[in-house]
Amino acid sequence: MEITTEKRGPITVVAIAGSVDGMTAAALISSFRAEVSGGNIRIVGDFAQVEYTSSAGLRALLETVKETRQQGGDLRLAGVTPDVLRVLELSGFTHILKIFPDVESAVASFPA
Amino acid sequence: MSVASPRQPGGPRVAVVLGSGSVKCAAALGLLRVLKREGIGVDMIVGCSGGSVYAALIAMGHDVDTAEAMTRRLWTRELTARRNHRSLLSVFLPRLFGFDESFGMVDDALILERLKATFGSASIESAGIPLYLTATDFHTGEQVVFESGPIVDAIRASIAIPYVFRPWPIGGRMLVDGFMSDPMPVGVAIRQGANIIVTMGFESPYQQKINSPLRFAFQLSSITSNNLLKSNFAFHNLAHHAEILPIIPEFKDRIHLFDTEKIPYVIEEGERAAERQVPYLRRLLATREESGMPR
């Protein structure tokens, strides 16, 4: 899994490539935690290159969603692939996460 | 070759959980094919509703071709051809015909006969891989997990589709389909100490047309069970300490309750979906074995 981070004004875009699973979730959580502890609480997870997510990946997402929302921010997902979307739907995560077709719309969804 | 785990104590415990989904559950045979080919052992199998049939066949050590042939003989449209007239009359004249908890529109003699022909007198505890089959207590809604006893009885209870097959009595309890308490019973594998859980389950199809009271009832049942599937799966994902890998085959065609002629296609899709997870499953197993994951 590769993680790249980019600032777009007050929004942090975290682009992930590969699988978000038990082998990689710790790295993803570390990356998200570093952003949140640095005050970057409005995050877009660019999932266009994510092939798969497992339960460990879901737990990483949930932790970050809770952390950012507790501080008034949010983690929103963009470009979720059909395979990953099926897992998010099956696990009910589509009810609690805001998901956008692409990074631009996800970034624009945050209030200015 | 069996998929029973050859691993030593102290290694990972792999569970396969097969949820409800009628004919779509045959995709489990595609998963079995991949696990065998890759030499990935299984420490326990959990089955619910349609998944209980395949869970039992796999746990008993049948290969894919044999299991496919057995289920094609077992699950045909004739199963629902004979109506249970007394039950049907009891809907309209409940006092006269004594409507009670044993309601089921279909005469279940044939399904029972077919289950006996398929599984004989085999017991759950005699299966080569530890097997757990689930049903639902009709009176309390509780999940009931069978770890022993005749496979035929447990499957009959697990596939007691509401309205279609009458609830099945075991040990003083009236039991209905396992999907009513959990359509994909991952929790059973968690409770039994599995750490790597490979699971396959399906949402109940929605009716394309609501043109009868039965379709109306089925629609309500699908809405409830699909929401139950998602909420339970969400909880299990968050509650489990290790890894749950959902294998979700993608069917381009709609698969109906008795589309047994589509079983080869369903197996192929199951195989394809399972293959996509093999690289990760292998890495996960290697890591867990190295770390000596506690049981």
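Hydrogens, waters and symmetry mates are skipped; everything else that's a heavy atom, side chains included, is used. Protein chains get the first letters and strands the later ones, always in sequence-line order, with residue 1 at the start of each. These numbers were taken from a predicted model, which means no experiment stands behind them.
- Here the closest non-hydrogen pair linking B/Tyr280 and A/Gly22 is OH-N, 2.6 Å.
- Remark: A/Tyr52 OH to B/Arg276 CZ distance equals 10.5 Å, nearest 0.5 Å.
- Residue A/Leu90 touches chain B through both its backbone and its side chain, counting heavy-atom pairs closer than 4.5 Å.
- Residues A/Phe93 and B/Leu238 share a closest heavy-atom pair of CZ-CD2, 4.0 Å.
- Applying the 6.0 Å contact sphere to NZ of A/Lys98 captures no more than 12 heavy atoms from other residues, nucleotides or ligands.
- B/Glu243 places a side-chain N or O within donor-acceptor distance of the main-chain N or O of A/Ala56, the cut-off being under 3.5 Å.
- With rounding to the nearest 0.5 angstrom, the CD1 atom of B/Ile244 is 9.0 Å from the CG atom of A/Leu58.
- In the displayed structure, B/Phe251 atom CZ is contacted under 6.0 Å by more than 12 heavy atoms of other residues, nucleotides or ligands.
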Between B/Phe233 and A/Ser91, is the side chain to side chain contact (heavy atoms under 4.5 Å, CB included) condition met? List the steps.
CA-CA 5 Å; B/Phe233 190 59; A/Ser91 57; 3.8 Å; yes

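- Contact annotation: the side chain of A/Thr94 never approaches that of B/Lys230 to less than 4.5 Å [non-hydrogen atoms, C-beta and beyond].
- Listed here is the closest heavy atom pair of A/Ser55 and B/Ala242: OG-O, 3.5 Å.
- Taking every heavy atom of both residues into account, B/Asn237 and A/Arg59 meet most closely at O-NH1, 2.7 Å.
- Neither the backbone nor the side chain of A/Glu51 comes within contact range of chain B, judged by heavy atoms closer than 4.5 Å.
- Around the CE atom of B/Met200, the shell of radius 6.0 Å holds more than 12 heavy atoms that belong to other residues, nucleotides or ligands.
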